Each structure stands twice: as C-alpha cells, then as structure tokens.
There are 2 protein chains.
Amino acid sequence: MPSVTQAVEDYLKAIWRLSHEGGERVSVGDIASELKVSAPSVTSMVRKLKTMRLLNYERYGGVTLTPRGRKIALEIVRHHRLWELYLYMRLGVPLELVDGEAERLEHVLSDDMEELLTRNLGDPTHDPHGDPIPSKTGALAPVEGIALGQLETGTHAIVARVSDRNPEKLRYLVSLGLLPGARIEVEEKAPFRGPLTVRIGGRRHVVGADLANLVIVRGAPAASRSKGARLGPGVPPRSGKPRGKRR
Amino acid sequence: MPSVTQAVEDYLKAIWRLSHEGGERVSVGDIASELKVSAPSVTSMVRKLKTMRLLNYERYGGVTLTPRGRKIALEIVRHHRLWELYLYMRLGVPLELVDGEAERLEHVLSDDMEELLTRNLGDPTHDPHGDPIPSKTGALAPVEGIALGQLETGTHAIVARVSDRNPEKLRYLVSLGLLPGARIEVEEKAPFRGPLTVRIGGRRHVVGADLANLVIVRGAPAASRSKGARLGPGVPPRSGKPRGKRR
DNA sequence: CTAAAAAGTTAGCCATATCTAATTCTGCGT
DNA sequence: ACGCAGAATTAGATATGGCTAACTTTTTAG
Ligand SMILES: [Mn+2]
Ligand SMILES: [Mn+2]
Ligand SMILES: [Mn+2]
Ligand SMILES: [Mn+2]
C-alpha cells in the first residue's frame, strides 16, 4: 500500500551502499548516520519497508535488501550516476558538485528522460567519479583496481575511481588533477601509512595516506598512448548540436 | 518559520498564473481546480502562506500575492521555462512532454545549475511554447500578439505562442506544425466562431475555433527572410522531427 | 559472569499536506 | 428584504517522515 517516495528511495540506496552493493547485513545505526537521521526514524522506516517487502528485518537484527528492494536501489543509483555524468559532460558542473545535484535529480527522472539521457551520452558505463552505472536491467560492472595508498614506489597507474563521499576532499583531489583517467607515477612512498609523492601530469604532489585511499587505480596499460583518458566536460557551452547523430 | 516546500512553490505559481501574472484576486475554488486539490486544502495552505507573508488573504475574500510571494512564483516560473527549453533544445524531449517533466524539475534547480543552464542556452528569452522566461530579477516580457482565431481571411502571421495547458491538444497542434516560429496564412475563416483553413508550411489544415484560440500569433514582418524562425531541438533525436513515438 | 556501555526500540510529539463531512458566509434572484 | 445555492471555512481524520526521552536488549570489558 505505501508508495515508493523519495525517502524510501534514499533509504534503499543508502542500505545498498552500506551493504557493499546489496549483500551484507546493515545496522540501524549505520543507516542513521549515513542519512543523518535519528535511530528511531530508521527503525520506523525499516519496519515500513519490511511490510513493503523491500527488505528483510528482525528486531535487533539488522537489515538486508530483498530482490525487489535491490532493484529499486539500483534504479536510483542508475539515475544518480546518469545525472552525474550528464551534468559533468554536458553542462560543465564541477566534479565536486555533481553528487549533490544528482542527489535531488535522481528522484526526478522519467523513463522517457532516462532513455534520452542515456542516448545522449552514448550508453555510458561509468559516472565521472569512475563508478559503474547499473544497466537498465540491474547489471553492475565490478569496481576493479586498488587504492592508491597501496602502491609501491615506482609504480605507474591510471586513476580509475575517486570517492565522492566528501566534497571538500574531492575538490582538493580535483585540484591535484587526481581524477579518473589521469596517469600517475608513485615516486616515493613513506613507510607506516606515510604520505606518497606522486607525479601527476607533469607535476609532483605529496598526498597523505587518508586521501590516497580515496583514489582507486589500475595498472597502466604498457606505456602506450593515452587510451583510457576519460574526457573532461565536453561543453562548448552553447554549441547547437550535440555531436553524434544517434542512429 | 515554515519553509518554502514544493507544495508552497506550486501554490504560488498557480496563484500567479490565475491572477494573470500577479495582479488580480484569485478565488479559493480556482486554486483548488488548478492544482486538483480540495477547497479545504487550499484554505489551509492559504492561511499558512499568509503567515509567511507571501500573500494577502481575508476570509471569504480571495488572495493576491505579496511582492515576496510574486518573487518566489517568478523564480519557479523561470526554473520551469528554463528546464522546458533545455529539455526541448538539448535533449530532444517532445514539445508536448516538456511541461510535465519541468513540473518536477522546476523544484530542483540550484543557483549554480540555473546559471549553467542559462549560459548553455545563451540567455534565452522564451520557452519552447513561446512564453517569456522571467529574468533573474523578475522582469517578464509581455506576451504580444492575438489569438489565431481572431484573424481575418487572408492574413499572414507567425506563431508566437502555443498554450501548453493540454498535452493532447498541444500534441495535435505540433503535428500540424503549428508551433512558435511557424509562418501561416489564414486562407478562410468560417463565420460564427467557425473553423479556420490555415496554410502552414506548404500544407493546408482546417483548425477548429477552440484550438485556434490556443495559438497566439503576431504579424509577419513584411515578407522578408525568416528571422523569427525558432529553431527546433538541436538534437536529431533519432528521427527528424519530434514525432512522438509513445511506447 | 556480570555490570556497564552501546545499540535499538517504543512511546509520544510535531510538522506538512491532504481528504470528507458538517457548518457558515455571501451574494443573487425573486 | 430574504431565502437559498454555491463558495468557503471549520472540524476532524489520515498518511508520511522526522524528533526526543525513556526503556529494553545486546554486546563488551573487567
Ligand atoms: Mn557518485
Ligand atoms: Mn536522493
Ligand atoms: Mn510551459
Ligand atoms: Mn511543480
């Protein structure tokens, strides 16, 4: 009987993320901090979601998503990441702002619009932070790679993903040029979780361990020419025609 | 103390429209039908808006917007029309669908995004139906022109505006090519609110009086070169024209 | 093994926004 | 001038989602 409101969508998405994509059990307290609401609010919502058969829940026992709940969560994640990419590529919204904007837009995306967005972006697979975009059917590519902080001195790599949980930190990472597609080399790594000296596009930067662990990298594909270079915003701000005529 | 929620925004926008852009008094009943809610809902909302000093209201006396209320209404109208134009021009959303989409998106547009949208569209002055877009400061160009139904036989004109109140009718008008920028000629007008025979881009159509009054036209600027031709979507959305291909 | 601490739940409120049914105004027609 | 029909308001209820304070269960540490 109850309907899928914006609050319901945000809860399901939060639980999906906290359970590391839908598997593990999630505690009431974690949901509360993730969504910045009180624990009683979570208990009450979680009981409602149970009656809607969107998650499994026993008192004092944490929650897991049902297939139906996961389906809705993935749909919202898809909306979120499509909007992020669109805003970044086509409207030139700064990377550290796209998450906040998408947080509201994700609840406002009709099927028609989703289709148009998808086509306009050429069936994209990843959002501008490097997170995979769930397919319409709910398939989700795995996030491959390891944390920058794990790399040894001398390693070359390409940034695959940057966490967007903290806009401040993301802003700083962006200012270093440490974003998806960037080629990097670890010039030095101090021991005991020490900072890394990283070469990024000509410049050298020292990056603390905490920050370095927000960045996921994958091995550089030999020293060939830039293949995986994710393009920045393609916004020639008032160019009439969106390039490719879709077939 | 109460805040400007989505409901508040929709009420203010409705009142603004019903009062013909903010002047005349509006009755509770009219607001109720416009928003498709019950009269008691309106009474209660209107009392709240009064405490927020967004409108003037006395029991049994109808309402008018205060300057603060009008300011918010215009901001939402601006959002609405910017989104409409953006969706139409850049994403290829069919004209008869943009209003519905914008109805939700209008509540989700940060200042940053509004700025980007505006720039991307080149400081537009009119939405795709031909309605003026309020400026950031609240200035609004007047709607000039007369209803198509008023024209006499033999008149040439250019469509300035098409009402979007009814998606079905709009869809039909679009199929006739009767949209902003179109050059037309009234070939014949039957008396007593009779239908018009109109030449639109090569083709001849018969348009009933009711429909004809949804279309506002202005005089054709001599028979010079097409100046006012409002461009269609910059997106060749997989077909030439936004021929709505509903599922 | 047991007693705090931490986590979670229940109880009771509040705010927002709607509705139906009952009541009260207002303004019009006779 | 008055009564009545229609418009508007009041009364009372429902649904959603959030909060604090108080209580209960589980977990952890000594
Ligand atoms: Mn993201
Ligand atoms: Mn959200
Ligand atoms: Mn419109
Ligand atoms: Mn709206």
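Fair warning: this is a prediction, and the values are worked out from it, not measured in the lab. Only this structure's heavy atoms are used, side chains among them; waters, hydrogens and symmetry mates stay out.
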- Query: At under 4.0 Å between heavy atoms, what does A:Ala39 touch on the DNA or RNA strands: base, sugar-phosphate, or nothing?
  - Reply: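 It contacts base atoms.
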Rounded to whole angstroms, how far apart are [atom1] on [X] and [atom2] on [N]?
| X | N | atom1 | atom2 | result |
| --- | --- | --- | --- | --- |
| B:Leu35 | C:dT18 | CG | C1' | 12 Å |
| A:Gln6 | D:dA15 | CD | C1' | 17 Å |
| A:Arg47 | D:dT16 | CZ | P | 14 Å |
| B:Met52 | C:dA17 | CE | P | 9 Å |
| A:Glu9 | D:dT16 | CD | C1' | 15 Å |
| B:Asp10 | C:dT16 | CG | C1' | 14 Å |
| A:Arg59 | C:dA11 | CZ | P | 10 Å |
| B:Glu58 | D:dA8 | CD | P | 15 Å |

Would you indicate which nucleotide in [options] comes nearest to any side-chain atom of [X]?
| X | options | result |
| --- | --- | --- |
| A:Lys48 | D:dG17, D:dA8, D:dA11 | D:dG17 |
| A:Val28 | C:dG8, D:dG17, C:dT18 | C:dG8 |
| B:Ser27 | D:dA21, D:dA8, C:dG8 | D:dA8 |
| B:Ser44 | C:dT18, D:dC19, C:dT20 | C:dT18 |
| A:Ser38 | D:dC19, D:dT9, C:dT20 | D:dC19 |
| B:Val37 | C:dC19, C:dT9, C:dC25 | C:dC19 |

Between [X] and [N], does any side-chain N or O lie under 4.0 Å from OP1 or OP2?
| X | N | answer |
| --- | --- | --- |
| A:Tyr57 | C:dG8 | no |
| B:Ser41 | C:dC19 | yes |
| B:Tyr11 | C:dT16 | no |

- Item | Salt-bridge present (A:Arg119, A:Glu115; N to O < 4.0 Å) |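 Yes, this pair counts.
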- Query: Do A:Arg25 and A:Glu58 sit within salt-bridge range, that is, some charged N less than 4.0 Å from a carboxylate O?
  - Reply: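 No.
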- For B:Glu106 and B:His79, what are the C-alpha separation, side-chain angles and deciding distance, and is it a side-chain hydrogen bond (donor to acceptor under 3.5 Å, both in side chains)? CA-CA 5 Å; B:Glu106 65 191 358; B:His79 289 184; over 6 Å; no
- Which one of B:Asp123, B:Leu74, B:Asp111 satisfies the side chain to side chain contact (heavy atoms under 4.5 Å, CB included) criterion with B:Lys136?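 The residue from B:Asp123, B:Leu74, B:Asp111 that satisfies side chain to side chain contact (heavy atoms under 4.5 Å, CB included) with B:Lys136 turns out to be B:Asp111.
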- Item | Closest heavy-atom pair and its distance - A:Ala212, A:Leu196 |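 Nearest heavy atoms, A:Ala212 then A:Leu196: CB-CD1, 3.9 Å.
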- Query: If you find the nucleotide of DNA chain D closest to A:Ala7 and the one closest to A:Tyr60, which residue's nucleotide is nearer the 5' end?
  - Reply: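 Here A:Ala7 is the residue nearer the 5' end.
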